[in-house]
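Every value quoted in this text rests on a predicted model; they were computed, and no experiment measured them. Quick note: residue numbers are just sequence positions, from 1.
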Amino acid sequence: MNIKYFFYFLIFTLLCCRQPNQQENLVAIVGDREISISEFKDRLNFNPVIDKLSAQKYKEKILSSIIAEALLSRLQKIDQPEIVSLMSEQKHREAVIENLWEEVVFKDIVVNDSLLWGFYKKTNKVREIDFAVFNDSLMAKSFKSAWQENNPQVEKIIRKDTISFTGNIAILENNVFNTNLLNITGPIKIGRKFFVYKPLKEWKKGVLNKEFFLENIKSIKKQYLKYSKQKHFNDYVKKSFKKQNYVLNKGVFKEFTQYLEKQVMGKPGLTVSNKELMVLTNGDEINKLAKKQIVRFANKQNWFVTDLLKRLATAPYPLNYSSNDAFRYSMIRATKRILDDELLYYKGLENGLDKNLYVKRQSDMWKDFYRAQFNGVELQTVKTLKKTLDSLQNVVPIKIYQETLDTLTFKKSDMMVLKTHFPGQTIVPRQSPWKINLSKVKK
């Protein structure tokens, strides 16, 4: 399928937001930090820690590292830079959004053999279509009218393609495969584009095979869930965001973009991460911009330029520094996604999901990681680091649930697993190199 399209809503999730209850078994507790089985198994399974240790020794190595991370995070004598707390807050927002999807948006999804068979039948369909794509709805509507009136000029714009039902693009595929053949339909909005199309003919890829269906039911289920989550999310957005939920001051945004462009374009060091943007929070020019309101939300929340700058520095939407045009476009794209995320975050707060156990544990895990990473670097030498960890181990209460640790099984992947809904973000932090002596912990 060669049709270009853009998505600005985050619509499906690789990470299934598990909701452990308060009685869930723990692997360990460090101070007030609970290390749950689900976190521990993810950190066992999805970190590229390649070694030849036995399963038990490997579990102990990872647990030792997590406990050391939790201890370093509790070191109070080192001043933390603002970026550490901002990154922790960002992970908290992402956890609230993930929880909103699972607890509200996706909660009514039904899976059974009958539905999976129906989905499998749909994936056997292919359609040939004529279509055109526009940047705004008025142009799309005008084109549709001209097409319906058989205006010969439309032939210069129409493109032809084939589309299979895969479940990957729920909005597009639902519309195309539910439209009667030869009906001119649209415009439908896909991302920032408007799509007008006419299905010409339909055929099947092959003969439906019950045996194939049963052999591949796991992968069919995975694709069905992906499709269903997209569909439920789109329905939720239509129902929940009927009015303009925020206003971006385009004049201030243009001024801000030009300021950033002048500061970063053509300069090395900003090609991997946006975190370096935090160095731009001080200076006469940015201080003048900082006082300008750039976003007004319908719930009366307001953002100033520095608020958006800090979100750009911590959100998982990279800016493109390859050219001035690419940078400007990436600023628009990243800002749109950040603001859409904020709307979802507000919905999560309305549903009280910031108090959820999953959110708490995700927030605690990432806060420990970011604080420990900074503190570990500041301690500089291995000797100083070991001395500090030994000292912390003597004053911070540590409890290891040995029976849980001994009986825990896992399937090590030796790779980092990325979330599909937040670009470039991993399910768990990378494994820290620090360790403590577990034998010194009171069982």
Quick one: list whatever passes side-chain hydrogen bond (donor to acceptor under 3.5 Å, both in side chains) with [X], sequence neighbours left out.
{"X": "Tyr370", "answer": "none"}
{"X": "Asp79", "answer": "none"}
{"X": "Lys254", "answer": "none"}

With sequence neighbours excluded, tell me which residues meet side-chain contact (heavy atoms from CB on, under 4.5 Å) with [X].
{"X": "Arg296", "value": "Val247, Gln293, Asn302"}
{"X": "Thr314", "value": "Ile83, Leu86, Met87, Gln90, Arg93"}
{"X": "Ala146", "value": "Asn151, Val154"}
{"X": "Asn249", "value": "Val252"}

Can you list everything that forms a salt bridge (charged side-chain N to carboxylate O under 4.0 Å, His left out) with [X]? Sequence neighbours excluded, please.
{"X": "Lys387", "result": "none"}
{"X": "Asp325", "result": "Arg328"}
{"X": "Lys310", "result": "Glu82"}
{"X": "Asp235", "result": "Lys231"}

Report yes or no: do Gln80 and Ser85 form a side-chain donor-acceptor pair below 3.5 Å?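 No, because no side-chain N or O of Gln80 sits under 3.5 Å from a partner of the opposite role on Ser85.
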Kindly state each residue pair satisfying salt bridge (Lys or Arg N to Asp or Glu O under 4.0 Å) with at least one member in residues 349-359, sequence neighbours excluded. Lys347-Glu350
